[in-house]
Amino acid sequence: MLASTSTALSPSSRGSLHDFPVAGGHIEVRVSESGLRRCHFVAEDGTQRQLAPDPRSAEGRRLRFAQHHPAASRIIGAVSVVVLLVGVGLNVLQVLEPISEIPPIADTVGTFESPVHLTPWANVALGFAAALGAVERATRLRYHWLLDGGAAS
């Protein structure tokens, strides 16, 4: 049985860690802005195992989809990573241009002209696609600091 209250052990820029004491050990849960990053049972002897999500939750439905359709699941997972990488890459290129125009930076390293100039609707579409990719990764209980790490996760 889970304890009714949680104790935040170390809230940080990497997500907050909660510890729930249970019989035979404790459950560690790390939460980020996009979902759970970690949910493990840690036995008193130190052994750990990942807990399975509730079958009715989004994570449970995603796990069931992966079990019944492994090829489609891998394709969706790969597409989500590609969308997130493209989103990060294009955003970096677009942000570098105005930053490089700041006089002290321009005097030191010169200016940078981005080879990519997206229209506002393309930026919105890219942001929406990246959000969908992040949700997909969160429901698979996958986390990578570069792909999934928001400003405060």
Side-chain angles (χ1 to χ4, degrees), residues 2 6-20 22 25-43 46-102 105-106 109-153:
L2 289 176
S6 66
T7 305
L9 294 180
S10 60
S12 69
S13 62
R14 295 177 44 209
S16 59
L17 179 65
H18 302 277
D19 185 47
F20 300 92
V22 296
H26 63 276
I27 295 174
E28 289 181 358
V29 178
R30 185 176 294 276
V31 181
S32 72
E33 287 180 343
S34 60
L36 290 179
R37 288 184 44 196
R38 174 183 169 81
C39 188
H40 283 65
F41 172 74
V42 181
T47 59
Q48 301 180 20
R49 70 177 175 92
Q50 184 175 0
L51 298 176
D54 184 323
R56 294 172 297 184
S57 68
E59 292 84 357
R61 290 190 306 271
R62 180 62 176 94
L63 178 63
R64 190 169 51 250
F65 176 78
Q67 291 168 343
H68 291 123
H69 308 285
S73 177
R74 282 192 298 274
I75 290 169
I76 291 170
V79 168
S80 73
V81 169
V82 168
V83 165
L84 287 168
L85 288 173
V86 167
V88 167
L90 290 177
N91 280 329
V92 166
L93 288 175
Q94 292 183 89
V95 167
L96 281 178
E97 186 171 356
I99 290 174
S100 75
E101 293 172 357
I102 297 171
I105 295 173
V109 295
T111 60
F112 171 77
E113 184 175 340
S114 175
V116 178
H117 296 280
L118 297 178
T119 61
W121 70 265
N123 275 321
V124 169
L126 182 64
F128 184 71
L132 285 177
V135 167
E136 192 282 329
R137 288 184 52 80
T139 58
R140 283 190 307 142
L141 302 176
R142 301 276 192 230
Y143 182 85
H144 185 275
W145 67 270
L146 178 62
L147 296 175
D148 307 306
S153 62

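Numbering of residues begins at 1 and proceeds along the displayed sequence.
Judged purely by atom type and a 3.5 angstrom limit, R49 has no side-chain atom pairing as donor or acceptor with the backbone of H40.
The CG atom of L63 lies 9.5 Å from the NE2 atom of H68; values are rounded to the nearest 0.5 Å. Within the model, atoms CG of L132 and CD1 of I76 stand 11.5 Å from one another, a figure rounded to the nearest 0.5 Å. Taking CZ from R64 and CD from E59, the interatomic distance works out to 12.0 Å, rounded to the nearest 0.5 Å. Between atom CZ of residue F41 and atom CD of residue Q48 there is a gap of 10.5 Å, rounded to the nearest 0.5 Å. Remark: L84 CG to L126 CG distance equals 9.5 Å, nearest 0.5 Å. Here the straight-line distance linking atom CZ of R61 with atom CZ of R56 works out to 10.5 Å at 0.5 Å rounding.
Considering only heavy atoms from C-beta on, I99 stays 4.5 Å or farther from F112 through its side chain.
Partners of Q94 by side-chain hydrogen bond (donor to acceptor under 3.5 Å, both in side chains), not counting sequence neighbours, listed by chain and number: N123. Taking A72 as the reference, F65, H69 meet the side chain to side chain contact (heavy atoms under 4.5 Å, CB included) condition, with sequence neighbours excluded.
Contact record, A58 with T139: CB-CG2, 4.0 Å, taken as the closest heavy-atom pair. Here the shortest heavy-atom pairing between S114 and H117 reads O-NE2, 2.9 Å. For the pair C39 and V29, the tightest heavy-atom approach, listed with the atom from each and the gap, is SG-CG2, 3.9 Å. What you find for S57 and P53 is that their closest heavy atoms are OG-CB, 4.0 Å. The nearest pair of heavy atoms linking T111 to A106 is CG2-CB, 3.8 Å.
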- Message: Using the rule given for side-chain contact (heavy atoms from CB on, under 4.5 Å), can you reason through S73 versus R62, listing the C-alpha separation, both sets of side-chain angles and the distance that settles it, and then say yes or no?
- Response: CA-CA 9 Å; S73 177; R62 180 62 176 94; 2.8 Å; yes
